[in-house]
K.L.:
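Below you will find the structure I want to go over with you.
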There are 2 protein chains.
Amino acid sequence: MELSRTAYVILGMLQLGKRTGYEIKSLVDVSTRFFWAASYGQIYPELARLEKLGLVRGQRDPDDARRRKAYHLTEEGRRALRDWLTSSEPLHLELRHEGMLKLFFSDGLPREEQLAQLRAMRAAHAEVGDQLRSIEAEVRAARERTGNQCPYRVLRLGIEYEDFLVDWCERAERELVGRAVSAC
Amino acid sequence: MELSRTAYVILGMLQLGKRTGYEIKSLVDVSTRFFWAASYGQIYPELARLEKLGLVRGQRDPDDARRRKAYHLTEEGRRALRDWLTSSEPLHLELRHEGMLKLFFSDGLPREEQLAQLRAMRAAHAEVGDQLRSIEAEVRAARERTGNQCPYRVLRLGIEYEDFLVDWCERAERELVGRAVSAC
DNA sequence: CTGATCATGTAATTCGTTACATGATTCC
DNA sequence: GGAATCATGTAACGAATTACATGATCAG
């Protein structure tokens, strides 16, 4: 039974407890989004599919006028998640980075424009880094509360990842400026 | 006139000279692929679209039984590429990283399995790093030959990027192993 | 009472991959 | 002669986003 990666995002989020589609989306938006995004247009249909497959079960509270439907993992769902986590299939690794793409084609552009590109790329990564740092204390607190190490560990990876790219941009900017000066 | 990013990959490759769809694909596969992939299924239809828009022009050599069609940039195409390179629209930055996703959901997995995940992720990045290093001398030589700095600069970024992730995995592995030892 | 947010879903569209079909050329 | 590679394309499919529709609840 082949599932999409986004299906595993859902199973993973449900492993942490009963949740509605809306809650899953909110969680994704402050956590996995940075390395695996998901939209409503995927989440709701995927929940229906997973329920048909028997991997999750959803229950609607009849008293709830908002017709919220909270899903939880079944035993089969828990097994599917575990199988994926421990499988040794090649990892899906995909990067689409317009900043690097522009940089690649920038020979022939004036130095000022190349610098502007690097600064834009640096700003974008600095901003994501700031976003991640702004939730760091909260995620660390959740780690102490729940004992779950992984989300904080991955958050730290995200912060260091953004820092690496910011640093690379800075170095490339200095290198470009350095050339300009020595050419005078 | 809104173009897809992949259209700009094509325009960028044609900036370097006249090329067939096949040649563009081959070039992408050893260069931009690592931060912007493209398949035949995109390249050929996109070339036709760009020709209809007047941004590229393709010519078939009547003597060539292989019916090769080599494209080159028009003035309009050159302008479209330049506009994109110097535009300050927000950058499309997207990462889909199954390794980080698994890591995120791995609380509850035995330490051995968590270690196996980290090793798999490290191996994947080490392999890409090796691929990039294997073309480094060639790309550096092309830089000396053509004077184009950018492809080599971006290649260096790719190598350092993979190194960073390999290093992060190593540190995370050591941290996990360290805990195991101190728990004894 | 009003705007923000909670909540569920669908439809249209875009982007991209994979697989297939077809045939020429080159290298051994 | 046969395999690898050059070369162009299309069709089917899958993955994901965006926009839309609809309505309840909550905080001020």
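Just the heavy atoms: all of them, side chains too, but no hydrogens, waters or symmetry mates, feed the values below. Each chain gets a letter, A, B and so on, in the order the sequences are listed, and its residues count up from 1. Remember, it's a predicted structure, so these values are computed and weren't measured experimentally.
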K.L.:
On DNA chain C, does the nearest nucleotide to Arg68(A) precede the nearest nucleotide to Pro45(A) from the 5' side, or the other way round? Give the residue.
P.N.:
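In this pair, the answer is Arg68(A).
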K.L.:
Within residues 4-13 of chain A, find the residues that approach DNA chain C with a heavy atom at under 4.0 Å, and present them sorted by residue number.
P.N.:
none
K.L.:
With heavy-atom distances below 4.5 Å as the criterion, would you say the side chains of Tyr71(A) and Leu50(A) are in contact?
P.N.:
no
K.L.:
Under 4.5 Å between any side-chain heavy atoms of Leu53(B) and Leu3(B), yes or no?
P.N.:
yes
K.L.:
Pick base, sugar-phosphate or nothing for Gly21(B), based on heavy-atom distances below 4.0 Å to the nucleic acid.
P.N.:
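Sugar-phosphate contact only - Gly21(B) comes under 4.0 Å of backbone atoms but never of a base.
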K.L.:
Shortest non-hydrogen contact from Phe104(A) to Ser31(B)?
P.N.:
CZ-CB, 3.6 Å
K.L.:
Over how many whole Å does the gap from Glu46(A) atom CD to dA15(D) atom P extend?
P.N.:
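Interatomic distance, CD of Glu46(A) to P of dA15(D): 8 Å.
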K.L.:
Nearest-Å distance, CD (Glu2(B)) to C1' (dT18(D))?
P.N.:
15 Å
K.L.:
Regarding Ala48(A), tell me which of base, sugar-phosphate or nothing describes its non-hydrogen contacts under 4.0 Å with the strands shown.
P.N.:
nothing
K.L.:
Among all residues two or more places apart in sequence or in another chain, which pass the side chain to side chain contact (heavy atoms under 4.5 Å, CB included) test with Arg140(A)?
P.N.:
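Side chain to side chain contact (heavy atoms under 4.5 Å, CB included) check on Arg140(A) returns Glu136(A), Ala137(A), Arg143(A), Glu144(A), Tyr152(A).
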K.L.:
Send over the distance from Arg96(A) CZ to dA16(D) C1', rounded to a whole Å.
P.N.:
12 Å
K.L.:
Show me the protein contacts with nucleotides 25-28 of chain D, counting only N or O atoms at under 3.5 Å.
P.N.:
none

K.L.:
Using the six-membered ring wherever Trp is involved, compare the ring planes of Tyr22(B) and Tyr40(B) and label them parallel, tilted or perpendicular (cut-offs 30° and 60°).
P.N.:
parallel
K.L.:
Would you say Gln42(A) reaches dA15(D)'s phosphate, i.e. side-chain N/O to OP1/OP2 under 4.0 Å?
P.N.:
no
K.L.:
Between Tyr40(B) (OH) and dT5(D) (P), how many Å, whole number?
P.N.:
12 Å
K.L.:
Counting neighbours of CZ on Arg33(B) that are heavy atoms of other residues, nucleotides or ligands and sit closer than 6.0 Å, is the number greater than 12?
P.N.:
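Yes.
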K.L.:
Determine the minimum heavy-atom distance between Glu76(A) and Gly54(A), stating which atoms define it.
P.N.:
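Smallest heavy-atom distance, with atoms named: CB-O, 3.9 Å.
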K.L.:
Reading DNA chain C from 5' to 3', where do the contacts with chain B start and stop? Cut-off is 4.0 Å to heavy atoms.
P.N.:
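So the contact region on DNA chain C extends dG16(C) to dT25(C).
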K.L.:
Are there more than 12 heavy atoms of other residues, nucleotides or ligands under 6.0 Å from atom CD of Glu138(B)?
P.N.:
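12 or below, so no.
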K.L.:
Return the value, rounded to whole Å, for the distance between atom NZ of Lys25(A) and atom P of dA16(D).
P.N.:
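So the NZ-P distance, Lys25(A) to dA16(D), works out to 13 Å.
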K.L.:
Name the nucleic acid region contacted by Ser39(A), choosing base, sugar-phosphate or nothing; use a 4.0 angstrom heavy-atom cut-off, strictly under.
P.N.:
base
K.L.:
Counting C-beta onward and ignoring hydrogens, is there a side-chain heavy-atom pair between Met13(A) and Phe105(B) closer than 4.5 Å?
P.N.:
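Contact flag for Met13(A)/Phe105(B) side chains = yes.
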K.L.:
Could you tell me which non-hydrogen atom of Arg5(A) sits nearest to which non-hydrogen atom of Leu101(B), and how far apart they are?
P.N.:
O-CD2, 4.2 Å
K.L.:
Only counting residues at least two apart or in another chain, list the ones meeting ring-ring contact (aromatic ring centres under 6.0 Å, His included) with His72(A).
P.N.:
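By the ring-ring contact (aromatic ring centres under 6.0 Å, His included) rule, His72(A) matches no residue at all.
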K.L.:
Between Tyr71(B) and Arg49(A), just flag the one whose closest nucleotide in DNA chain D comes earlier from the 5' side.
P.N.:
Tyr71(B)
K.L.:
Could you tell me whether a side-chain N or O of Glu46(A) sits under 3.5 Å from a main-chain N or O of Ile10(A), the two making a donor and an acceptor?
P.N.:
no
K.L.:
Can you measure Asp61(A) atom CG to dA24(D) atom C1' for me and round it to whole angstrom units?
P.N.:
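Interatomic distance, CG of Asp61(A) to C1' of dA24(D): 14 Å.
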K.L.:
Do you know which two heavy atoms are closest between Val154(A) and Met100(B), and how far apart they sit?
P.N.:
CG2-O, 4.1 Å
K.L.:
Please report the end-to-end axis angle for the helix from dC1(C)-dG28(D) to dC28(C)-dG1(D), five pairs per end, rounded to 10 degrees.
P.N.:
40°
K.L.:
Between Tyr44(B) and Trp36(A), who's closer to the 5' end of DNA chain D by nearest nucleotide?
P.N.:
Tyr44(B)
K.L.:
Minimum heavy-atom separation for Glu98(B) and Pro90(A), please, with both atom names.
P.N.:
OE1-O, 4.0 Å
